[in-house]
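We count ligands from 1, going down the list as the structure has it; atoms in each ligand are counted the same way.
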Amino acid sequence: MGIINVTPDSFSDGGLYLSAQQAIAHAKHLIDEGADILDIGGESTRPGSQQVSIDEELNRVIPVLEALTDSQIPLSVDTSKPEVMKQAIAAGAFMINDVNALRSPGALEAVAPHAQVQICLMHMQGTPRNMQENPQYKDIVHEVKDFLQQHIQAAKSAGIAKDRLVIDPGFGFGKTLQHNFTLLNQLDQLTSLGVPLLAGLSRKSMLGAVTGNSAADRIHESIAAALLAVVKGAKIVRVHDVKATKEALAVYTAMKNCVTQEIHSTASNRN
Ligand code: 7PM
């Protein structure tokens with residue numbers, strides 16, 4: 001899953017139109033790099049960040065979504081707002097990626113009727129504004145797992161089939177460095193929930209804490225983290241650097257296929 005941000009502050013100074021044009025160009029670049037899904041976000045969830053209005057988020061996201069529907073790639077929209085969910089689905093979104101796990105009033109109802117739309121439920125302790133102030137857990141893995149289990153159940157109760165769901169432990173969302181690395185190390189514990197696992201580690205500060213590199217310079221760290229997440233059971237990785245990540249994962253796939261063949265040939269050699 002390639003990341004497309006449509007946030008004017010993340011670009012030089014060109015206003016909304018230019019931000020949209022740059023986002024569309026970047027999306028086409030990530031498609032050329034081999035992205036399987038694009039995740040379009042119009043609201044920064046950076047720690048301490050302010051919320052944007054519904055209209056502002058719609059103005060950022062919908063034109064980019066509309067410009068990309070012809071490209072055939074499945075499009076995900078990163079939003080917690082029910083109205084943005086509805087309009088994104090009407091404009092052709094294939095997935096709603098909600099860092100708030102459909103907890104906003106009206107969110108369950110916004111997505112439930114659309115049986116073709118996938119939903120990513122992510123764990124977050126607190127809100128983007130306050131989540132990094134003092135994250136606390138007795139047992140990070142169990143608490144994240146319980147949360148995801150509860151919100152899978154809430155989705156099911158609202159009429160959302162389980163096969164529409166994807167779950168995500170929310171690296172960096174209300175977690176210390178220790179919490180984040182414990183979660184990564186024990187990511188496989190979440191696979192028993194029976195829902196495909198998505199992991200977003202790309203360029204995150206937990207990786208910068210290891211190497212000291214700044215966000216734009218965390219590509220090698222991000223590839224290592226994406227690979228580890230996949231080895232531990234992630235089915236989707238949300239990344240900035242699509243080509244590099246795919247090439248790294250291709251080596252893992254080659255190894256796994258080879259191991260499988262070895263098992264088969266060993267079995268047939270016995271006959
Ligand atoms: C600043 C800090 C800007 C953090 C952006 C971010 C995830 C996500 C994000 C994730 C899912 C980023 C984050 N992270 N959605 N949206 N999982 N499902 O690093 O980990 O891109 S925003």
Q: Keeping K204 on the side-chain end and G172 on the backbone end, is there a donor-acceptor pair under 3.5 Å?
A: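 Looks like no, no N/O pair under 3.5 Å.
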Q: Taking non-hydrogen atoms only, is R238 closer than 4.0 angstrom to ligand 1 via side chain, backbone, both or neither?
A: side chain
Q: Give the numbers and elements of all ligand 1 atoms closer than 4.0 Å to a heavy atom of G200.
A: 20 (O)
Q: Please state which part of D78 comes within less than 4.0 Å of ligand 1, counting heavy atoms only: side chain, backbone, both or neither.
A: side chain
Q: Would you say H240 has any N or O atom under 3.5 Å from an N or O of ligand 1, going by distance alone?
A: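 No, there is no polar N/O contact under 3.5 Å.
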Q: Assess C120 for proximity to ligand 1: is some non-hydrogen atom of it under 4.0 Å away?
A: yes
Q: Check whether any side-chain N or O of K175 sits under 3.5 Å from a backbone N or O of P169 as a donor-acceptor pair, and report yes or no.
A: yes
Q: Quick check, are the ring centers of H123 and F173 under 6.0 angstrom apart?
A: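 Judged by ring-centre distance (under 6.0 Å), H123 and F173 do not meet the cut-off.
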Q: Counting from 1, what ligand 1 atoms have a heavy atom of K204 closer than 4.0 Å?
A: 7 (C), 10 (C), 12 (C), 14 (N), 19 (O), 20 (O)
Q: Is it true that L30 and I73 fall in one hydrophobic cluster, defined by side-chain heavy atoms closer than 4.5 Å?
A: yes
Q: Evaluate side-chain contact (heavy atoms from CB on, under 4.5 Å) for V117 paired with M95, printing each intermediate quantity in order.
A: CA-CA 5 Å; V117 175; M95 177 182 275; 5.7 Å; no
Q: Determine whether I62 and L38 fall in the same hydrophobic cluster, where Ile, Leu, Val, Met, Phe, Trp and Tyr are linked whenever their side-chain heavy atoms lie under 4.5 Å apart.
A: yes
Q: As an exercise, identify every atom of ligand 1 less than 4.0 angstrom from a heavy atom of M122.
A: 10 (C), 11 (C), 17 (N)
